[in-house]
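Contents: one structure, followed by commentary.
Quantities reported herein were computed from a predicted structural model and do not represent experimental measurements.
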Amino acid sequence: MDIRLHHINKQFDEKQVLKDVNMTIVEGDIYCIMGASGAGKTTLVNILMGIIKQDAGEITGMNKRKIAAVFQEDRLIEHWDAVKNILLVCNKSMDESKVKDALEEVGLKDHLKKPVMDLSGGMRRRVAVVRALMADSELIIMDEPFKGLDEALKQQMIQYVKKRTKGKTVILITHDKEEALGLNAKIISILS
Ligand SMILES: Nc1ncnc2c1ncn2[C@@H]1O[C@H](COP(=O)(O)OP(=O)(O)OP(=O)(O)O)[C@@H](O)[C@H]1O
(Lines give C-alpha, C1' and ligand atoms only; values in the text may rest on other atoms or scores of the structure.)
Protein backbone atom coordinates (compact mmCIF):
# COMPACT_ATOMS: atom_id res chain seq x y z
CA MET A 1 0.00 0.00 0.00
CA ASP A 2 1.30 3.46 -0.86
CA ILE A 3 1.87 5.94 1.96
CA ARG A 4 0.33 9.37 1.51
CA LEU A 5 0.96 12.53 3.45
CA HIS A 6 -1.73 15.17 3.16
CA HIS A 7 -1.16 18.78 4.23
CA ILE A 8 1.22 18.03 7.10
CA ASN A 9 2.10 20.94 9.38
CA LYS A 10 4.41 20.93 12.35
CA GLN A 11 5.52 23.78 14.54
CA PHE A 12 7.95 23.83 17.48
CA ASP A 13 7.36 26.80 19.77
CA GLU A 14 6.99 29.71 17.35
CA LYS A 15 8.85 28.03 14.50
CA GLN A 16 6.89 26.46 11.64
CA VAL A 17 9.10 23.54 10.59
CA LEU A 18 6.83 21.71 8.14
CA LYS A 19 4.31 23.68 6.17
CA ASP A 20 1.67 21.94 4.07
CA VAL A 21 3.83 18.94 3.16
CA ASN A 22 2.20 16.59 0.67
CA MET A 23 3.77 13.46 -0.78
CA THR A 24 3.17 9.93 -1.94
CA ILE A 25 5.56 7.10 -1.13
CA VAL A 26 4.94 4.30 -3.61
CA GLU A 27 5.25 0.77 -2.22
CA GLY A 28 8.56 -0.83 -3.21
CA ASP A 29 10.31 2.38 -4.25
CA ILE A 30 13.35 4.04 -2.75
CA TYR A 31 13.28 7.70 -1.76
CA CYS A 32 15.90 10.15 -0.57
CA ILE A 33 14.68 13.05 1.53
CA MET A 34 17.02 15.99 0.95
CA GLY A 35 17.12 19.53 2.27
CA ALA A 36 19.19 21.98 4.27
CA SER A 37 20.17 21.33 7.88
CA GLY A 38 17.22 22.16 10.07
CA ALA A 39 14.73 22.00 7.17
CA GLY A 40 12.67 19.37 8.99
CA LYS A 41 13.76 16.05 7.48
CA THR A 42 14.09 14.20 10.78
CA THR A 43 10.88 15.80 12.02
CA LEU A 44 9.09 14.47 8.95
CA VAL A 45 10.27 10.87 9.39
CA ASN A 46 9.55 11.04 13.13
CA ILE A 47 5.98 11.98 12.24
CA LEU A 48 5.82 9.11 9.73
CA MET A 49 7.04 6.66 12.36
CA GLY A 50 4.56 7.98 14.91
CA ILE A 51 7.34 9.17 17.24
CA ILE A 52 5.94 12.69 17.20
CA LYS A 53 2.52 13.92 16.17
CA GLN A 54 1.85 16.45 13.43
CA ASP A 55 -0.17 19.56 14.33
CA ALA A 56 -2.37 19.17 11.27
CA GLY A 57 -2.71 16.95 8.24
CA GLU A 58 -3.22 13.26 7.68
CA ILE A 59 -1.09 10.22 6.87
CA THR A 60 -2.61 7.18 5.19
CA GLY A 61 -1.06 3.78 4.47
CA MET A 62 0.93 3.46 7.70
CA ASN A 63 -1.55 1.39 9.70
CA LYS A 64 0.13 -1.35 11.76
CA ARG A 65 3.18 -1.37 9.51
CA LYS A 66 6.35 -2.85 10.89
CA ILE A 67 9.14 -0.33 10.38
CA ALA A 68 12.88 -0.96 10.50
CA ALA A 69 14.85 2.17 11.26
CA VAL A 70 18.34 3.57 11.37
CA PHE A 71 18.11 6.63 13.61
CA GLN A 72 20.48 9.59 13.66
CA GLU A 73 22.22 7.85 16.56
CA ASP A 74 23.16 4.17 16.25
CA ARG A 75 21.01 3.05 19.20
CA LEU A 76 22.92 -0.21 19.71
CA ILE A 77 23.16 -2.14 22.96
CA GLU A 78 26.68 -1.11 23.88
CA HIS A 79 27.96 -4.15 25.77
CA TRP A 80 26.54 -6.64 23.28
CA ASP A 81 28.44 -7.71 20.19
CA ALA A 82 27.25 -6.94 16.64
CA VAL A 83 25.76 -10.40 16.06
CA LYS A 84 23.69 -10.25 19.27
CA ASN A 85 22.52 -6.70 18.53
CA ILE A 86 21.21 -7.82 15.15
CA LEU A 87 19.67 -11.11 16.31
CA LEU A 88 17.59 -9.12 18.80
CA VAL A 89 15.49 -7.64 15.98
CA CYS A 90 15.37 -10.73 13.73
CA ASN A 91 12.74 -13.43 13.57
CA LYS A 92 13.43 -16.33 15.94
CA SER A 93 14.12 -18.52 12.89
CA MET A 94 17.04 -16.34 11.73
CA ASP A 95 20.22 -18.33 11.39
CA GLU A 96 23.18 -16.76 13.22
CA SER A 97 25.44 -17.66 10.29
CA LYS A 98 23.35 -15.40 8.01
CA VAL A 99 23.92 -12.48 10.39
CA LYS A 100 27.64 -13.20 10.40
CA ASP A 101 27.68 -13.38 6.57
CA ALA A 102 25.94 -9.99 6.36
CA LEU A 103 28.44 -8.41 8.75
CA GLU A 104 31.31 -9.92 6.76
CA GLU A 105 29.82 -8.51 3.58
CA VAL A 106 30.09 -4.98 5.01
CA GLY A 107 33.69 -5.50 6.12
CA LEU A 108 33.17 -6.40 9.77
CA LYS A 109 34.53 -9.95 9.66
CA ASP A 110 37.08 -9.34 12.41
CA HIS A 111 34.66 -7.51 14.69
CA LEU A 112 31.74 -9.89 15.05
CA LYS A 113 32.19 -10.74 18.70
CA LYS A 114 33.43 -7.50 20.25
CA PRO A 115 31.13 -5.34 22.36
CA VAL A 116 29.96 -2.64 19.93
CA MET A 117 31.22 0.03 22.34
CA ASP A 118 34.72 -1.02 21.24
CA LEU A 119 34.02 -0.46 17.53
CA SER A 120 34.73 2.74 15.57
CA GLY A 121 31.91 5.15 14.62
CA GLY A 122 31.86 3.90 11.02
CA MET A 123 31.80 0.25 12.13
CA ARG A 124 28.91 0.90 14.51
CA ARG A 125 27.01 2.69 11.74
CA ARG A 126 27.37 -0.37 9.53
CA VAL A 127 26.04 -2.59 12.33
CA ALA A 128 23.01 -0.29 12.64
CA VAL A 129 22.36 -0.47 8.89
CA VAL A 130 22.72 -4.26 8.72
CA ARG A 131 20.37 -4.56 11.71
CA ALA A 132 17.67 -2.54 9.94
CA LEU A 133 17.99 -4.57 6.76
CA MET A 134 17.88 -7.93 8.54
CA ALA A 135 14.76 -7.11 10.54
CA ASP A 136 11.74 -8.57 8.84
CA SER A 137 10.22 -5.31 7.59
CA GLU A 138 8.88 -4.07 4.29
CA LEU A 139 9.43 -0.41 5.21
CA ILE A 140 12.90 0.82 6.06
CA ILE A 141 13.54 4.37 7.25
CA MET A 142 17.13 5.56 7.57
CA ASP A 143 18.39 8.92 8.84
CA GLU A 144 21.82 9.59 7.29
CA PRO A 145 22.84 5.92 7.40
CA PHE A 146 26.24 6.46 5.77
CA LYS A 147 27.35 9.26 8.07
CA GLY A 148 30.97 8.84 9.14
CA LEU A 149 31.91 6.40 6.39
CA ASP A 150 34.78 7.08 4.01
CA GLU A 151 34.11 7.23 0.29
CA ALA A 152 34.97 3.59 -0.47
CA LEU A 153 32.87 2.27 2.41
CA LYS A 154 30.00 4.55 1.48
CA GLN A 155 29.98 3.13 -2.05
CA GLN A 156 30.11 -0.41 -0.66
CA MET A 157 27.19 0.33 1.67
CA ILE A 158 25.14 1.91 -1.14
CA GLN A 159 25.50 -1.32 -3.11
CA TYR A 160 24.66 -3.37 -0.02
CA VAL A 161 21.51 -1.36 0.71
CA LYS A 162 20.44 -1.55 -2.93
CA LYS A 163 20.85 -5.31 -3.02
CA ARG A 164 19.17 -5.98 0.33
CA THR A 165 16.12 -3.76 -0.12
CA LYS A 166 14.82 -5.04 -3.45
CA GLY A 167 11.02 -4.82 -3.46
CA LYS A 168 10.94 -2.98 -0.13
CA THR A 169 10.00 0.62 0.51
CA VAL A 170 12.98 2.69 1.61
CA ILE A 171 13.02 6.27 2.88
CA LEU A 172 16.50 7.61 3.46
CA ILE A 173 17.56 11.05 4.66
CA THR A 174 20.78 12.33 3.13
CA HIS A 175 22.66 15.51 2.26
CA ASP A 176 24.54 13.73 -0.49
CA LYS A 177 23.27 13.66 -4.10
CA GLU A 178 25.78 10.93 -4.86
CA GLU A 179 23.96 8.61 -2.45
CA ALA A 180 20.63 9.35 -4.11
CA LEU A 181 22.12 8.66 -7.53
CA GLY A 182 23.88 5.50 -6.39
CA LEU A 183 20.67 4.17 -4.91
CA ASN A 184 18.64 5.13 -7.96
CA ALA A 185 16.32 6.90 -5.54
CA LYS A 186 13.52 9.33 -6.14
CA ILE A 187 14.32 12.64 -4.49
CA ILE A 188 11.98 14.44 -2.10
CA SER A 189 13.14 17.97 -1.32
CA ILE A 190 12.17 19.53 1.97
CA LEU A 191 12.42 23.30 1.77
CA SER A 192 13.33 25.33 4.82
N1 LIG B 1 11.63 18.60 19.87
C2 LIG B 1 11.92 19.78 19.34
N3 LIG B 1 11.68 20.93 20.01
C4 LIG B 1 11.94 22.13 19.46
N5 LIG B 1 12.45 22.29 18.22
C6 LIG B 1 12.72 21.20 17.52
C7 LIG B 1 12.47 19.88 18.03
N8 LIG B 1 12.83 18.97 17.08
C9 LIG B 1 13.29 19.70 16.04
N10 LIG B 1 13.23 21.01 16.29
C11 LIG B 1 13.61 22.09 15.37
O12 LIG B 1 12.99 21.83 14.13
C13 LIG B 1 13.85 22.17 13.06
C14 LIG B 1 14.00 20.98 12.14
O15 LIG B 1 14.75 19.97 12.80
P16 LIG B 1 15.08 18.57 12.08
O17 LIG B 1 15.95 17.81 13.00
O18 LIG B 1 13.81 17.96 11.63
O19 LIG B 1 15.89 19.07 10.80
P20 LIG B 1 16.74 18.25 9.74
O21 LIG B 1 16.34 18.73 8.40
O22 LIG B 1 16.62 16.79 10.01
O23 LIG B 1 18.21 18.75 10.08
P24 LIG B 1 19.67 18.05 9.95
O25 LIG B 1 19.93 17.90 8.47
O26 LIG B 1 20.57 19.05 10.59
O27 LIG B 1 19.60 16.74 10.69
C28 LIG B 1 15.13 22.68 13.69
O29 LIG B 1 15.09 24.09 13.73
C30 LIG B 1 15.09 22.09 15.07
O31 LIG B 1 15.78 22.91 15.98
Side-chain angles (χ1 to χ4, degrees), residues 12 30-33 37-38 40-53 62 64-176 178-179 182-183 185:
F12 290 112
I30 175 157
Y31 293 85
C32 281
I33 300 185
S37 283
K41 302 179 296 296
T42 299
T43 302
L44 182 69
V45 298
N46 280 341
I47 290 172
L48 253 181
M49 290 191 280
I51 292 170
I52 59 172
K53 182 95 182 97
M62 284 297 289
K64 296 199 178 86
R65 261 179 197 266
K66 192 172 165 202
I67 306 168
V70 175
F71 294 94
Q72 247 173 7
E73 329 77 48
D74 300 314
R75 299 197 189 180
L76 300 168
I77 297 177
E78 295 293 335
H79 57 285
W80 284 10
D81 64 40
V83 174
K84 204 170 167 192
N85 264 281
I86 293 169
L87 280 171
L88 180 69
V89 306
C90 293
N91 286 336
K92 293 260 179 298
S93 57
M94 175 62 74
D95 198 342
E96 187 172 323
S97 67
K98 283 203 175 124
V99 174
K100 288 181 175 163
D101 289 348
L103 287 164
E104 287 188 17
E105 200 177 333
V106 299
L108 294 174
K109 185 174 189 292
D110 299 329
H111 307 281
L112 302 182
K113 286 291 175 189
K114 295 176 187 161
V116 292
M117 67 173 87
D118 293 344
L119 302 185
S120 75
M123 289 173 184
R124 296 160 53 88
R125 204 65 186 145
R126 280 175 278 164
V127 175
V129 171
V130 171
R131 178 179 60 179
L133 301 196
M134 296 209 76
D136 178 30
S137 173
E138 297 302 311
L139 174 61
I140 299 156
I141 296 181
M142 299 193 273
D143 198 342
E144 298 189 50
F146 311 131
K147 206 158 118 183
L149 301 183
D150 66 35
E151 188 56 33
L153 273 175
K154 190 176 80 181
Q155 293 305 332
Q156 190 184 344
M157 290 307 288
I158 287 172
Q159 293 315 315
Y160 180 77
V161 167
K162 234 164 118 174
K163 187 166 120 192
R164 296 288 163 161
T165 58
K166 287 214 166 82
K168 298 187 176 189
T169 309
V170 181
I171 302 170
L172 183 150
I173 295 177
T174 179
H175 288 279
D176 186 349
E178 213 183 289
E179 288 175 18
L183 290 163

Report all side-chain donor-acceptor pairs from residues 108-124 shorter than 3.5 Å, counting only partners two or more places apart or in another chain.
unit_1	atom_1	unit_2	atom_2	d
His111	ND1	Lys114	NZ	2.8
Ser120	OG	Met123	N	3.2
Arg124	NH1	Glu78	OE1	2.9
Arg124	NH1	Val116	O	3.1
Arg124	NH2	Glu78	OE2	2.9

Taken in chain and number order and not counting sequence neighbours, the residues that satisfy side chain to side chain contact (heavy atoms under 4.5 Å, CB included) with Leu88 are Ile77, Trp80

Hits for side chain to side chain contact (heavy atoms under 4.5 Å, CB included) against Asp176, two or more places apart or cross-chain, chain-then-number order -> Lys154, Thr174, Glu178, Glu179

Using every non-hydrogen atom in the two residues, find where [X] and [Y] come nearest and quote the distance to one decimal.
X      : Y      : answer
Met49  : Ile141 : CG-CD1, 3.6 Å
Glu138 : Gly167 : OE1-O, 4.3 Å
Tyr160 : Ala102 : OH-CB, 3.5 Å
Ala68  : Ala135 : CB-CB, 4.2 Å

Are any of the side-chain heavy atoms of [X] and [Y] separated by less than 4.5 Å?
X      : Y      : value
Arg125 : Val70  : yes
Thr165 : Ile140 : yes
Val129 : Val161 : yes
Leu139 : Met62  : yes

N/O donor-acceptor pair under 3.5 Å between [X] side chain and [Y] backbone:
X      : Y      : result
Arg164 : Leu133 : no
Lys100 : Val83  : no
Asp150 : Leu153 : yes

Rounded distance (nearest 0.5 Å) linking atom [atom1] of [X] with atom [atom2] of [Y]:
X      : Y      : atom1 : atom2 : answer
Gln72  : Asp74  : CD    : CG    : 11.0 Å
Asn46  : Ile52  : CG    : CD1   : 5.0 Å
Glu144 : Ile33  : CD    : CD1   : 11.5 Å
Cys32  : Met142 : SG    : CE    : 8.5 Å

- Intermediate values then yes/no, side-chain contact (heavy atoms from CB on, under 4.5 Å), Leu149 and Arg126: CA-CA 9 Å; Leu149 301 183; Arg126 280 175 278 164; 4.2 Å; yes

Side chains of Glu151 and Gln155: do they bring a donor and an acceptor to under 3.5 Å?
yes

Carefully, step by step, assess Ile86 and Leu103 under the rule side-chain contact (heavy atoms from CB on, under 4.5 Å).
CA-CA 10 Å; Ile86 293 169; Leu103 287 164; 3.7 Å; yes

Margin query: Set out, in order, the CA-CA distance, both residues' side-chain angles and the distance that settles side-chain contact (heavy atoms from CB on, under 4.5 Å) for Arg75 and Arg131, then state yes or no.
Written below: CA-CA 11 Å; Arg75 299 197 189 180; Arg131 178 179 60 179; 4.3 Å; yes

